[in-house]
There are 2 protein chains.
Amino acid sequence: MDAAYAFPDAPVTHIGVRSLGDKESTPIDLSHHLSDMSNARIASPLKALMKYMAQPGMISMSGGLPHESYFPFEEISAQTAVPDTFSLTPEEKSSFSWLWNLFGAPTRKTKEVTIPKRAAGGDMEAVQLATALQYGQATGLPLLQKFINEFVQRVYRPINPLTTTLVHVGNTDGWAKAVLTLCNHGEGILVEEYTYPSAIASAWPIGVRPVPVKMDSEGMLANDLDHVLSGWDVEARGGMKKPHVMYTVPVGQNPCGTTMSEKRKKEIYAVCVKHDVIIVEDDPYYFLQCGTYVPKAQRTTAKVAKDGKDAEEAFIQSLAPSYLRVDYQGRVIRLDTFSKTIAPGSRLGFFTCNPMFAERLLRAGETSTQAPCGFGQALITSLLNGWGMSGWIRWLRGIRAQYTMRRDMCMDALYNHFDLREDLRASSIRAWDGAPVLVAHKKGAVAQEKYDSTTSLFSIVPPVAGMFLWIQVHVYNHPAYDDLVRSGMSESLASATLTFRLWKKLVDNKVLWSPGWFFATDGVQPDIGEMGFNPAVKAKGMEGCFRVAYSSASPEEMNKAMDVFAKQVVKFFE
Amino acid sequence: MDAAYAFPDAPVTHIGVRSLGDKESTPIDLSHHLSDMSNARIASPLKALMKYMAQPGMISMSGGLPHESYFPFEEISAQTAVPDTFSLTPEEKSSFSWLWNLFGAPTRKTKEVTIPKRAAGGDMEAVQLATALQYGQATGLPLLQKFINEFVQRVYRPINPLTTTLVHVGNTDGWAKAVLTLCNHGEGILVEEYTYPSAIASAWPIGVRPVPVKMDSEGMLANDLDHVLSGWDVEARGGMKKPHVMYTVPVGQNPCGTTMSEKRKKEIYAVCVKHDVIIVEDDPYYFLQCGTYVPKAQRTTAKVAKDGKDAEEAFIQSLAPSYLRVDYQGRVIRLDTFSKTIAPGSRLGFFTCNPMFAERLLRAGETSTQAPCGFGQALITSLLNGWGMSGWIRWLRGIRAQYTMRRDMCMDALYNHFDLREDLRASSIRAWDGAPVLVAHKKGAVAQEKYDSTTSLFSIVPPVAGMFLWIQVHVYNHPAYDDLVRSGMSESLASATLTFRLWKKLVDNKVLWSPGWFFATDGVQPDIGEMGFNPAVKAKGMEGCFRVAYSSASPEEMNKAMDVFAKQVVKFFE
């Protein structure tokens with residue numbers, strides 16, 4: 001394939017960001033990473049007609065496009081939220097008002113956006129149903145492309161000037177297309193040792209298996225990545241060749257909640273350069289970066305950030321930089337989605353990557369999803385353009401503040417129910433190495449000094465981003481644990497058995513958490529046992545781990561769930 | 001795979017149609033048709049939590065769902081057309097009014113549909129943004145499923161009582177998922193000898209190649225299908241094993257416009273039973289069945305059909321039955337789309353097939369597209385439910401009438417410009433065998449008896465369905481043809497060269513038609529030459545064929561285009 005860095009149809013504006021990094025951008029040819037399937041992708045010959053269709057005065061009778069008068073939608077309008085719907089700090093309004101604000105005031109301030117069938121004055125640039133509901137290029141509406149490109153330039157600031165963007169229908173679709181574009185049957189993908197199971201499920205059917213890399217509290221470890229790749233033994237790996245693709249969730253990692261610094265990203269990137277690995281950066285939680293948790297008693301009144309360019313810039317600077325900031329060779333495919341910042345039902349997101357990958361991903365889109373849904377594109381484009389870039393950034397700041405308050409509310413509840421004590425000794429969860437682990441004991445135990453490592457109940461590291469708490473219950477402190485082991489059970493199976501028991505207790509009491517083994521990447525044997533629980537497999541995440549989402553429950557529900565957990569976990573250990 | 005006919009999550013209602021056919025429905029196990037990829041598909045373990053989430057009173061903290069208050073859309077509304085927007089015959093209104101009606105009156109009657117964030121009175125069945133914009137099952141909104149199931153039962157009436165439905169994001173997506181579900185690398189798919197090139201492009205990257213079957217004026221020929229399969233020689237076919245999947249467009253075939261009768265479908269189906277072939281029925285033009293073209297001079301005033309159940313039933317009975325009506329074994333996967341009946345930007349359609357295939361296709365959706373876009377689903381579901389089944393059928397009747405008038409307008413224009421004379425001798429286009437072929441001569445030639453087969457300009461069979469005229473210009477009558485052949489060119493290449501010359505003439509005069517070679521299935525060599533034209537390949541469709549879409553041009557444009565064609569084709573032959 002000699003089309004590296006050529007993007008023949010060129011419907012996507014090249015971003016053309018100047019190099020901002022500390023390393024000159026030196027894009028390289030990475031076309032050897034394309035899968036056989038991707039190399040075999042052809043454009044439909046009908047696409048060749050596009051350039052003729054665009055000629056002024058051309059009467060096109062070439063495509064099976066219905067006339068717009070046959071679209072039974074004359075106009076669509078929406079009551080949309082205003083950018084400053086959510087306050088930036090709890091103090092900005094009374095605590096009552098932020099809850100009220102949070103859970104939907106019936107009279108929330110809205111602004112109407114309207115999408116006509118034809119824009120007034122024949123404005124071809126405007127969002128109109130005649131265009132949005134017609135067949136369109138798989139690159140999506142031009143105004144949406146433009147907004148996305150400006151946003152990427154403003155916020156992520158890729159150091160590779162050739163970086164481009166391309167819409168997809170959500171990160172699940174984006175990742176599925178990336179796997180098919182990069183991986184052949186029988187290959188492995190490098191993943192964090194706990195990861196998002198749907199990502200594994202998307203890669204699995206083409207025979208692509210996860211290759212776990214160890215984590216600490218910042219996520220994937222560069223030295224373990226190097227170790228895995230340097231020592232790759234095809235025979236010992238059952239014939240699997242050395243992986244050349246990584247799947248990573250660097251911010252608010254799912255499930256562990258870890259977030260990577262720029263320094264770590266540079267280290268990982270250097271290992272990827274050394275071993276020629278493509279990084280697929282799945283980053284749905286990027287704008288949910290909440291900062292370090294401070295217990296309620298120590299929290300001081302946060303300064304209310306002002307609006308304006310300086311406040312926007314401060315917000316952008318406060319976010320852990322994307323891999324695009326270190327990607328001087330063009331080996332990063334970033335996945336963004338509107339699922340967490342607008343709504344999951346948007347089914348809309350975008351790739352940011354080099355033009356060679358973008359062109360192959362575009363071909364994949366043309367023969368499957370085509371353009372994203374026109375109703376969704378039109379409404380979201382109108383919303384974003386109505387808000388403008390500043391409005392959109394203000395909205396993201398408000399959403400971040402909401403998740404910060406939710407994280408704090410959950411952690412505060414744990415503080416209310418337990419004695420939490422910082423313990424710098426490494427926990428049994430490697431993913432927490434380097435972070436101050438909070439170890440929980442029964443309320444009052446610390447004051448009475450009635451605690452030691454054998455009486456501890458669980459540990460947690462308060463997340464700095466995302467939607468999830470990752471909790472390890474110390475099942476090895478359970479009174480039955482030693483009996484199980486003495487009876488011949490492996491330590492691993494004893495842990496798993498007790499974990500499953502507690503999970504069921506919570507469910508019986510109407511609290512549903514995700515069991516940790518869902519996120520294990522070693523010993524994955526899907527479709528086995530109740531809830532995917534297979535005690536015969538020594539998988540990570542069985543050792544008392546739970547993922548707890550604080551994204552959607554109401555404050556009352558979250559508090560109630562923590563009450564139930566507190567009662568059940570104490571009872572469990574009795 | 002022992003899950004044949006089990007559909008574990010069972011979110012889709014089984015249609016439960018009683019057997020209406022002349023053969024008892026006897027569904028058989030067809031799981032041996034699944035591809036390796038499909039057999040390897042796993043459900044994400046997170047799906048296992050769904051049943052717990054649904055328990056009353058359960059506090060779910062298991063999934064990363066954002067709270068609905070974070071969706072910046074409070075309400076969406078649309079001005080929608082009324083079901084009887086389009087008249088059913090030209091006579092129902094004046095000819096002025098149908099054109100006016102056709103090309104968009106600014107004051108077209110509309111009805112407002114509104115989708116709130118939360119439906120009034122907590123009606124969980126109602127379409128609401130809190131549900132539509134949230135993560136949802138890949139089976140789509142329950143009310144949409146319900147409408148689709150009722151529609152399939154009412155109109156297609158599958159004889160297999162186990163038939164079920166499943167949404168997809170348009171037929172391109174549907175076909176792409178079907179190919180991945182059924183075909184392994186290196187297999188062949190049976191197709192009509194001219195077919196939709198994007199369908200080939202979707203199958204191509206996984207190494208699946210078209211196997212053409214001859215056509216007549218009803219589409220694919222049962223005896224040639226049997227001939228191709230009975231005489232399958234793996235070695236002669238370069239190692240390709242005998243195909244077990246068919247792709248067919250049985251109504252308003254793309255590009256030939258042929259439409260299959262029930263009798264032919266039964267014959268084809270019997271061959272598919274004999275050779276164990278799965279039929280993928282891509283049927284976007286099903287409701288654009290216009291009936292036989294009658295020249296303007298002979299057209300009588302059509303009776304205006306009344307509304308009501310009888311008129312609806314008469315409409316349904318007038319349509320060529322779907323393969324679902326003959327599918328007693330469950331070997332049909334039907335693809336429906338809203339692209340031609342609502343709008344292409346809907347990116348919404350549905351499979352109708354046996355539950356075993358539906359379950360595998362659902363798994364494919366879960367790990368790629370997930371649910372179709374919530375904005376589109378909500379708006380289309382509200383439109384359809386607002387109209388009701390009778391309203392939707394009335395809308396389809398109006399759309400059919402519009403395409404009938406468009407087809408007639410184009411054919412009338414050809415009658416104006418040429419002497420068209422029925423010629424029952426088989427043309428060089430096998431796809432027209434059995435139909436009365438109209439052969440065109442210069443205006444006045446027939447009256448002056450100045451015509452014979454060497455002076456004919458082109459032939460056409462007026463389509464009975466769809467969006468396309470398929471025209472064969474008789475390039476072998478061109479004065480240069482014999483010279484080219486005498487100069488050593490093959491007949492095929494001489495034809496192709498002249499066809500390309502005429503196509504360019506039309507484009508230079510601002511009329512864009514699709515060249516016939518786009519739709520060839522033999523000798524496909526994509527990405528070669530200008531406009532995919534590769535004179536070195538003896539491909540069908542090079543012999544003077546053009547596909548002319550009458551779906552979107554205005555009456556003025558269509559007439560102008562036919563003027564240009566008339567002038568250019570006469571000049572071309574001089």
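Every chain is numbered from 1, with letters handed out A, B, ... down the list of sequences.
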Results of ring-ring contact (aromatic ring centres under 6.0 Å, His included) for B:Phe73 - residues two or more places apart only
B:Phe375
Among [options], which residue has the highest count of heavy-atom pairs closer than 4.5 Å to chain A?
{"options": "B:Pro72, B:Gly174, B:Ser38", "answer": "B:Pro72"}
{"options": "B:Gly376, B:Ala40, B:Ser77", "answer": "B:Ser77"}
{"options": "B:Ile76, B:Val564, B:Asp173, B:Thr172", "answer": "B:Thr172"}
{"options": "B:Ser62, B:Ser346, B:Ser60", "answer": "B:Ser62"}
{"options": "B:Gly374, B:Ala343, B:Ala176", "answer": "B:Ala343"}

I'd like to check [X] versus [Y] (side-chain heavy atoms, cut-off strictly below 4.5 Å). Are they in contact?
{"X": "B:Val507", "Y": "A:Met58", "result": "yes"}
{"X": "A:Tyr135", "Y": "B:Ser339", "result": "yes"}
{"X": "B:Leu348", "Y": "A:Cys373", "result": "no"}
{"X": "A:Thr80", "Y": "B:Glu74", "result": "no"}

Roughly how far apart are [X] [atom1] and [Y] [atom2], rounded to 0.5 Å?
{"X": "A:Ser551", "Y": "B:Met61", "atom1": "OG", "atom2": "CE", "value": "8.5 Å"}
{"X": "A:Ile59", "Y": "B:Met562", "atom1": "CD1", "atom2": "CE", "value": "10.5 Å"}
{"X": "A:Gln377", "Y": "B:Arg347", "atom1": "CD", "atom2": "CZ", "value": "10.5 Å"}
{"X": "B:Leu512", "Y": "A:Gln55", "atom1": "CG", "atom2": "CD", "value": "8.0 Å"}
{"X": "B:Ser69", "Y": "A:Ile399", "atom1": "OG", "atom2": "CD1", "value": "7.5 Å"}
{"X": "A:Glu366", "Y": "B:Ser202", "atom1": "CD", "atom2": "OG", "value": "10.0 Å"}

Between B:Trp503 and A:Tyr52, does the ring centroid distance fall short of 6.0 Å?
yes
Need one label for B:Ile342: side chain, backbone, both or neither, based on atoms under 4.5 Å from any heavy atom in chain A.
both
B:Met37, part contacting chain A, at a heavy-atom distance under 4.5 Å
both
Shortest non-hydrogen pair, B:Lys510 vs A:Pro56, comes out as NZ-O, 3.3 Å
Return the orientation label for the B:Tyr403 and A:Tyr70 ring planes: parallel under 30°, perpendicular over 60°, tilted otherwise.
tilted
